[in-house]
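Notes follow once the structure below has been shown.
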Amino acid sequence: MRRSRRQRCRSSRASSSPRLATCAARRWFPSSIRPNGVSMTDTRFDPSQADGRWQRAWEEARCFEADSNSAKPKSYVLEMFPYPSGRIHIGHVRNYTMGDVLARYKRMTGHEVLHPMGWDAFGMPAENAAMEKGVHPDGWTHANIDNMKAQLKRIGFALDWSRELATCDAAYYGHEQAMFLDLYEAGLVYRKESEVNWDPVDMTVLANEQVIDGKGWRSGAEVEKRKLNQWFLKITQFAEDLLDGLGKLENWPDKVRLMQENWIGRSRGLQFSFELSDGESLAVYTTRPDTIFGASFVAVAPDHPVAQRVATINCDAAKFIEQCKRGGTTAAELETAEKLGFDTGIGARHPFTGEYLPVYIANFVLMDYGTGAIMAVPGHDQRDFEFATKYGLPIPRVVASSAEDAGKPFAGEAEAGEGVLVNSQFLDGMEVEAAKREVIARAEKDGWGQGTTVWRLRDWGVSRQRYWGTPIPFIHCAECGVVPVPKDQLPVVLPEDVDFKTPGNPLLRHPTWKHVDCPKCGGKAERETDTLDTFVDSSWYFLRFASQPANKPFDREEVAKWLPVEQYIGGIEHAILHLLYARFWTRALQHMGQLDFAEPFASLFTQGMVTHETYSRSEGSKTVYYAPDEISREAERALLKDDGGEVEIGRVIKMSKSKKNTVDPDEIVAKYGADAVRWFMLSDSPPERDLPWSEAGIEGCWRFVQRLWRLFGQFDAAATGEDKALLRKTHQTIAAVAEDIEALSFNKAVARLYELTGAIEKAQPSATRSEAIRTALLLVSPMMPHLAEEGWAAIGGDGLIANAPWPPVDPALLVEDEVTIAIQHMGKLRDTLTAPKGAPKEDLEALALASEKVQRSIDGATVRKVIVVPDRLVNIVT
RNA sequence: GCCCCUGUGGCGGAAUUGGUAGACGCGUUCGACUCAAAAUCGAAUUUCUACGGAAGUGCCGGUUCGAGUCCGGCCAGGGGCACCA
């Protein structure tokens with residue numbers, strides 16, 4: 001009985017609340033005429049009317065087109081541009097709302113703002129669509145762009161659409177080809193053999209995400225590692241500079257700087273050679289030379305020359321190497337795979353003991369790092385420990401917490417930590433760091449090894465064996481070798497007539513495209529059919545936004561006016577690769593004398609994801625998920641609308657199509673208006689954290705939009721009288737909201753605005769109150785621009801609020817003259833009292849001791865000490 | 001596996017950076033208005049309590065007059081790991 005009543009209430013509310021048309025049609029509220037003559041025809045704000053009207057007004061006034069010749073201080077606000085998947089998702093809305101608030105705020109504070117938008121338009125999904133639906137990647141991508149652009153416009157972002165770009169247009173990627181040729185000239189581009197995931201059934205190269213449990217995602221065939229000749233960019237040449245530059249990026253999150261630091265991975269170690277029992281020598285690199293007496297075997301990568309040599313005479317070794325080639329190429333796969341090894345029968349002579357250590361081929365040793373061979377110290381490296389345990393190799397201890405623990409056994413795992421050296425001859429008793437220095441010094445003195453700095457960072461492989469990317473502008477000639485396409489023949493344009501029915505690279509099997517004459521000798525030659533990694537496209541788009549000459553990638557002077565980007569905002573998932581590649585590209589351009597700065601992004605902000613709870617039912621062995629709009633949500637339960645039955649409420653997780661826990665921005669904007677959605681994106685959760693989407697939350701935002709609208713309706717230009725407390729609150733709010741927006745703490749700014757709204761509502765009519773309403777309009781305008789424009793027009797504001805300045809603050813009104821002092825006894829709160837701001841310590845102490853509650857707590861004990869923090873607290877210690 | 005981050009009421013979170021834990025919002029409960037509902041407005045809302053207080057910021061320990069905040073050790077969730085973007 002009770003439940004059915006509640007259900008009814010809920011459903012009627014859910015269906016009626018944002019339906020504006022019905023409210024407006026009934027219109028039982030009298031129209032009210034404001035003293036300034038503007039008529040407020042309804043007590044409801046109607047976004048379905050207002051949003052479009054103001055979006056058109058901004059566009060007609062060309063408010064958001066950046067003028068590089070403006071005398072105002074420049075501000076470049078940039079959000080990571082989206083991949084045009086077809087629909088924007090709510091995560092984009094959150095990202096772009098944050099940037100939009102900052103951009104609008106910057107305009108209000110007198111800046112000339114560049115806030116552009118474009119499309120990271122090359123990539124695999126377009127080819128997948130081509131294969132699945134038979135649509136051309138170009139048509140598919142441009143249709144998606146049109147769609148998403150319309151969606152973004154409906155949210156009212158203050159974007160300069162005149163600078164829009166798409167990386168898949170030759171007008172963009174042609175310039176990228178020119179820069180690639182410049183990099184080649186500068187010696188920063190080269191070719192080498194490198195491994196790819198090869199699908200032997202589809203005869204195609206797979207991306208890591210297309211390899212599932214070591215199998216091809218379409219064919220299901222076991223993936224092989226295969227070597228191809230590929231293009232590389234010499235990012236390692238800038239390793240040290242990229243690392244040092246991090247120190248100056250004070251406005252980047254520490255976690256991102258730390259992640260990049262670890263990624264670049266400078267390490268100091270020892271490189272030396274083992275004499276092998278077969279007469280050859282084997283170079284190894286170790287970051288732990290101190291543990292050299294703990295080495296119990298030596299291991300080489302499966303593609304190491306020593307392994308290859310053994311394979312030519314031992315077919316078991318060859319089989320083992322073949323086995324290592326199965327499975328994916330990612331580090332995570334390699335490191336979690338079971339440790340496997342093959343004993344080559346070769347011995348390696350220990351430089352100090354002269355003992356011969358067995359040499360293994362091991363699947364966990366990487367050819368790309370160091371020398372591709374290691375001295376294995378199982379006691380003090382977990383991977384080596386697992387390997388030694390499996391193959392019954394000795395696990396000597398050479399580091400212990402103290403000399404007495406020299407014989408202590410291992411507790412099932414390696415000990416990689418600090419300690420003193422034991423069982424290590426001349427190193428015994430030394431700390432780890434001292435022992436490292438000592439071993440390196442001896443190796444250098446005796447001439448069998450040297451201290452070396454090694455970087456974890458590898459060169460950037462940019463070759464992709466795919467169609468939908470920037471063609472690499474080179475030609476292969478049998479006579480002349482690899483020849484760059486002359487710049488006057490750029491852009492090398494993708495052919496349109498391609499076939500996606502056959503697997504593999506369409507460029508490779510295109511009948512004519514690749515056949516060209518050699519630019520050097522004029523003989524028959526072939527185009528390079530690899531295209532560039534899409535990370536190349538996103539490594540310079542921020543330059544193209546700042547200046548778009550037709551004949552070159554960018555204009556140096558124009559770029560200098562806007563760059564570096566004042567605030568860059570995007571997902572934490574780009575913390576390493578995209579951001580590192582963009583930093584590298586900028587440095588490379590600087591190195592070639594084309595730019596005057598090294599760091600493209602002065603401040604970086606990484607925002608959290610938008611999440612949602614999931615709804616599911618178990619049907620037999622599988623779980624069936626339901627979308628939020630199929631569900632009616634009660635306090636404790638969720639019911640399926642179709643059959644009224646209960647469904648399980650799952651954890652709040654990242655929105656994904658497979659879990660069906662997505663919401664469509666278009667639908668919610670249509671239902672609640674752009675401003676309520678924008679407000680929700682900014683409310684509650686700190687922007688760097690995940691934001692849980694909820695129906696109740698957006699309903700709350702919708703109600704606040706209407707609450708503000710009613711408040712704006714109470715503006716009375718003829719009101720008189722002063723309200724000191726409200727005036728103070730208003731000015732404190734202006735200052736606080738400005739500070740919060742500048743710190744991107746939008747959730748705090750939102751809370752301040754709720755407080756101010758509450759204070760104005762409670763205040764009696766006065767000139768101060770009307771001024772506070774006017775101020776509130778200005779303060780919410782970056783966040784809810786449509787509502788603000790509508791309110792601004794209603795109170796008779798001058799022009800568009802989008803062009804209005806941020807209200808000034810009277811600093812004298814920011815300080816309180818009275819403060820609340822906490823009185824503690826032994827650190828526990830006993831009482832509070834009010835005192836004038838800046839009251840002397842002695843007064844506070846006396847007042848505190850006079851408190852009855854404090855005296856009761858002290859209960860006659862001797863006061864040993866009194867700690868007074870002015871304007872804050874008094875703590876009495878007994 | 002390796003690197004990085006996060007953890008505070010029923011929920012999202014705030015806390016002047018070592019100084020009154022729970023601002024603000026959501027939800028819930030009660031009340032007002034209404035024939036009734038919606039909308040709106042008002043009040044309450046960490047837990048326990050003998051109504052004096054006591055406990056409390058993932059868990060265990062430490063430093064301090066005082067710890068959500070600093071240190072050490074765990075646990076749980078998330079991001080990245082080089083061809084998803």
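Lettering follows sequence order; numbering is per chain, from 1. Both backbone and side-chain heavy atoms feed into the values below; hydrogens, waters and symmetry mates do not.
- Comparing the C1' positions of B/U16 and B/C11 gives a spacing of 26 Å, expressed to the nearest Å.
- Remark: the separation of the C1' atoms in B/A37 and B/U20 is 44 Å, to the nearest Å.
- Between A/R257 and B/C3, a side-chain N or O to OP1/OP2 separation shorter than 4.0 Å is absent.
- Spacing of P atoms, B/U69 relative to B/C60, comes out at 13 Å, to the nearest Å.
- In secondary-structure terms, RNA chain B builds stems of at least 3 consecutive Watson-Crick or G-U pairs, each pair having both distances under 3.5 Å, at B:1-7 with B:75-81, B:10-12 with B:24-26, B:27-32 with B:40-45, B:46-48 with B:53-55, B:58-62 with B:70-74.
- Considering only side-chain N and O atoms, A/K255 lies nowhere under 4.0 angstrom from the phosphate OP1 or OP2 of B/U6.
- In this model, the phosphate group of B/A54 is approached by a side-chain N or O of A/R830 to a distance below 4.0 Å at OP1 or OP2.
- Closest to the side chain of A/D684, out of B/G79, B/G19, B/G12, is B/G12.
- The side chain of A/M609 approaches B/G79 more closely than any other nucleotide in the set B/U20, B/C24, B/G79.
- Among the heavy atoms of the strands lying under 4.0 Å from A/R689 are primed sugar atoms or P, OP1, OP2 only; no base atom is included.
- In the displayed structure, A/R383 atom CZ is contacted under 6.0 Å by at most 12 heavy atoms of other residues, nucleotides or ligands.
- Taking the C1' atom of each, B/C84 and B/G79 are spaced 14 Å apart, rounded to whole Å.
- The phosphate of B/C65 (OP1 or OP2) has no side-chain N or O of A/R864 nearer than 4.0 angstrom.
- Closest approach to the A/W263 side chain among B/G19, B/C81, B/C84 is made by B/C81 (side chain taken as heavy atoms from C-beta onward).
- Counting only heavy atoms from C-beta on, A/V205 has its side chain closest to B/C83 among B/G25, B/C83, B/U20.
- Using a 4.0 Å heavy-atom cutoff across all strands shown, A/A575 reaches no nucleic acid atom at all.
- Note on A/N747: a side-chain N or O is less than 4.0 Å away from OP1 or OP2 of B/A14.
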